[in-house]
Amino acid sequence: MENLMITCISKPPVIIPTKHDNLSEFSQPPTKLSFTYTKNTNNPKITDNHVKYLARSGRLAEAVAALDSIALSGSQVRPNTFISLLQACIDFGSLDLGRKLHARIHLVKESDPFVETKLVSMYAKCGSFADARKVFDEMSQKNLYTWSAMIGAYSRLSRWKEVVELFFLMMEDGVLPDEFLFPRILQACANCGDVRTGRLLHSLVIRLGMVCYTRVSNSVLAVYAKCGKLRSARRFFDYMNERDRVTWNSMLLAYCQKSENDEAYKLFNGMWGEGIEPCIVSWNILINSYNQLGRCDVALGLMKEMESSRVSPDVFTWTSMISGLAQNGRRWQALFLFKEMLLAGIKPNGVTITSAVSACASLKVLKLGLEIHSIALRMGITDNVLVGNSLIDMYAKCGELEAARQVFDMIEEKDVYTWNSMIAGYCQAGYCGKAYELFIKMQESDVKPNVITWNTMISGYIQNGDEDRAMDLFQQIEQDGKIRRNTASWNALIAGYVQLGAIDKAFGVFRQMQSCSISPNSVTILSILPGCANLIATKKTLMQSQMRKLGLKPNRGTFLSIILAHSIAKMVDEGKQIFSSISDNYDIIPAIEHYSAMIDLYGRSGRLGEAMEFIEDMPIEPDSSVWTSLLTASRIHKDIALAVLAGERSLDLEPGNIVVNQLMYQIYSLCGKLDDSSKVRKLEKESTLRRSLGHSWIEVRNKKLQEVLQELGT
DNA sequence: GGAACTACGT
């Protein structure tokens, strides 16, 4: 028996990029306004106008000083002056001076609702939301503008539910929205899926005669469109007597939301006839919709078509395409597109970075992940929690828990994703204790665990062999009545037991679940399938009868699981048959995962020759998962393993991929090729240490990128 | 006013 001891490469800890890396290559950050205080002795008579002049010029400190001398001279400061000063604080983003002004406004006996409203805006726009709310709550008299300022602040933070709540409070207060506030509230309804309030607003809009404002009508339409109320949307669309391109775009979205792409496309083509030319947003809605249906090639075609009609793809187009490809298993293509986007001179934003980083996370390519992190920092895309969350996930999935933790600690306003990503990271690495520690901390924080947090902990414990704790948590979920177990909670237990080889227990949970009248979903079936690998007949019955009964359509994941089940059962020929039936019968194009599962299938049965032939015939470029499967299978066949490694493709493919590197290292060590194994080790070290763009993965392939990045960075 | 998005389970 061969000694298959797993040897890990000892590598230096990853140092995550910082904002200050390579800063000298770029232009300096914008200089902060410097406040110089000069006593104005020459002009003892300072007027309100003088204060306003100073405020408009950004000389805020001087303006406040001037204000004080007016007060000292015994004159009244006009409310307008305060308003101008507060506006200046907003324009120059100076919270400090805003606070100083607040203190002075307090001294004035009669409060002025206009000044107080401006104060609310100032705090909200300068980033002190708590103060804004405090001033707002303490105001005795609120007018439409006050409510608008507060609602505006909540919408900027995407706190839609609170916007809706404020709307109801406002109505109680006897204030009605105007044509500017209606769209904001309607937008909030659309974004939190509150159709009920949407309909209420709809009737209010009609009663108040606001339908004549296209802006307002468009927002009503958008509520129906976004919430998937196609019929209501169409009815309202037909009722509107003035339609602009925003109207048409919302209608386009309404169809796309219900996956009625053909209808959407018809509408799109019909726009010209109505004298409306589709704009970039129209294309983006369509492109995104095809991406969400997994028809990325149609989306790519539309993007080409767009370019040939002299409309340049914008950041939305690129982002939609990148995330579409990534979510449909074409992650490398997504990353190449990300590079192309940079080369096209389009600056990514937080959403783009999030999508790209998450593709790196799934591929476990630390090197690229680091690089994109560094690009984001250079471009100043750091304020987005989403970016941070995806980075935590990426570092954790690449096994760099320390780096993940560093990002975690740096995020000031952690949301539920932040906590869940870090907890999942610890769980997946087997550090359930650390995960539990965070789980407790999270309960003490402002962000409370949700059902996903609980599910993560449950699957963490059970996957690491601690059935009892997993069960305890499973029982505890519904204890305080706030969180309900969902199908995934049951799936976590089932998948865990299957992985522990406790098939009976898995089936026990499966049956218990049904007796609690929880319907299994495709993931449930998917999780239980590998457990049935040795009982292929059972598996088939399960798959066919259960899925049909539940009205579930087999998808990519189902087939992946079936192939893997055959692989475990070493049923190569039947697995081959199933693989070729995927595209014939179900209109599903096999993704890279299916190909690597096939390699697994051949590999486990020792049919490595066929595996290699299969790779040769692949219509898509094999990626690290394919090589990993092949290398894993060939560890017991030294000669084949070495042959694979000698092939130029595998070595050069993804220099940053840890899994491939570790396997290479293992194989070389096992074969006694110590020179080669140390070479791999050295490469790995270098790849983690080199993270400046000068040696980057992207850059090596295109020198031009450096220049583009410089332009975008400024 | 209209468009892109991260965490559990494969």
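Throughout, protein chains are lettered first and strands after them, A, B, ... in sequence-line order, and every chain is numbered starting at 1. Any value given below was found using the heavy atoms of this structure, including those in side chains, with hydrogens, waters and symmetry copies removed. Predicted, not measured: the structure shown is a model, and the values here were computed from it.
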Report summary line: Tested for side-chain hydrogen bond (donor to acceptor under 3.5 Å, both in side chains) against A:Tyr395, the lone hit among A:His373, A:Glu400, A:Arg405 is A:His373
Report summary line: Here the salt bridge (Lys or Arg N to Asp or Glu O under 4.0 Å) pairs for residues 384-394 of chain A, sequence neighbours left out, are A:Asp393-A:Lys397
Report task. Check the distance between B:dC8's C1' and A:Ile477's CD1 and give it to me in whole angstrom. Result -> 11 Å
Query raised in the report: Of all the nucleotides listed (B:dG1, B:dA3, B:dG9), which has the minimum atom distance to the side chain of A:Ile285?
Result: B:dA3
Query raised in the report: Would you say the base of B:dA4 and the side-chain of A:Asn291 have a donor-acceptor pair closer than 3.5 Å?
Result: no
Query - Nearest to side-chain heavy atoms of A:Cys279, which nucleotide of B:dA7, B:dG1, B:dG2 - result: B:dG2
Query raised in the report: Looking across every strand, which nucleic acid part, if any, lies under 4.0 Å from A:Ala488 by heavy atom: base, sugar-phosphate, or nothing?
Result: base
Requested in this report: Report the distance from atom CZ of A:Phe182 to atom C1' of B:dG2, rounded to the nearest whole Å.
Outcome: 20 Å
Requested in this report: Name the orientation class of the two ring planes belonging to A:Phe236 and A:Tyr239 (parallel below 30°, tilted from 30 to 60°, perpendicular beyond 60°).
Outcome: tilted
Query raised in the report: Is the shortest side-chain N/O distance from A:Thr456 to OP1 or OP2 of B:dA7 below 4.0 Å?
Result: no
Query raised in the report: With a 4.0 Å cut-off on heavy atoms, is A:Asn288 in touch with a base, just the backbone sugar-phosphate, or nothing at all?
Result: sugar-phosphate
Report task. Figure out the CE/P separation between A:Met240 and B:dG2, and round it to whole Å. Result -> 13 Å
Requested in this report: Please evaluate the base of B:dG1 for a donor-acceptor partner in the side chain of A:Asn249 within a cut-off of under 3.5 Å?
Outcome: no
Query raised in the report: NA contact type, A:Asn450, heavy-atom cut-off 4.0 Å: base, sugar-phosphate, or nothing?
Result: base
Query - Separation of atom CD1 in A:Ile392 from atom P in B:dC8, rounded to whole Å - result: 12 Å
Report task. Consider the side chain of A:Asp244, meaning its heavy atoms from C-beta on, and name the nucleotide among B:dA3, B:dT6, B:dG1 that approaches it most closely. Result -> B:dG1
Query raised in the report: From B:dT6, B:dA7, B:dT10, pick the nucleotide closest to the side chain of A:Thr354?
Result: B:dT6
Query raised in the report: Given atom CD1 of A:Ile372 and atom C1' of B:dT6, what is their separation to the nearest angstrom?
Result: 14 Å
Query - Ring-ring centroid check A:Phe510 A:Trp490, cutoff 6.0 Å - result: no
Query raised in the report: A:Phe408 has an atom CZ; how far is it from atom C1' of B:dT6, in whole Å?
Result: 15 Å
Report summary line: Here the distance between atom C1' of B:dA4 and atom CG of A:Asp314, to the nearest Å, is 9 Å
Query raised in the report: Residues two or more places apart in sequence or in another chain: which of them pass ring pair (Phe, Tyr, Trp, His ring centres under 6.0 Å) with A:Phe579?
Result: A:Tyr595, A:Phe614
Requested in this report: Using a 4.0 Å heavy-atom cut-off across all strands, classify A:Thr319 as base, sugar-phosphate, or nothing.
Outcome: base
Report task. Please check if any side-chain donor atom of A:Asn218 sits under 3.5 Å from a side-chain acceptor atom of A:Asn249, or the reverse. Result -> no
Query - Among B:dG1, B:dA3, B:dA7, the nucleotide that comes nearest once only the side chain of A:Val416 is considered - result: B:dA7
Requested in this report: For A:Glu179, answer base if it contacts any base atom (sugar-phosphate contacts may also be present), sugar-phosphate if it contacts only those atoms, and nothing otherwise; contact means non-hydrogen atoms under 4.0 Å.
Outcome: nothing
Query raised in the report: Looking at the side chain of A:Pro183, which of B:dG2, B:dA7, B:dG1 is the nearest nucleotide?
Result: B:dG1
Query raised in the report: Just how far, in rounded Å, is C1' of B:dC8 from CE of A:Met422?
Result: 16 Å
Report summary line: Regarding the side chain of A:Asn218, the nearest nucleotide among B:dT6, B:dG1, B:dA4 is B:dG1
Query - Among B:dT6, B:dG2, B:dC8, the nucleotide that comes nearest once only the side chain of A:Gln327 is considered - result: B:dT6
Query raised in the report: With a 6.0 Å cut-off on ring centres, are A:Trp248 and A:Phe268 close enough?
Result: no
Query - Side chain of A:Ser459 - closest among B:dT6, B:dC8, B:dA7 - result: B:dC8
**Report entry** Any A:Gln187 side-chain N or O less than 4.0 Å from OP1/OP2 of B:dG2
**Finding:** yes
**Report entry** Nucleotide of B:dA3, B:dT6, B:dG1 approaching A:Val281 most closely (side-chain heavy atoms)
**Finding:** B:dA3
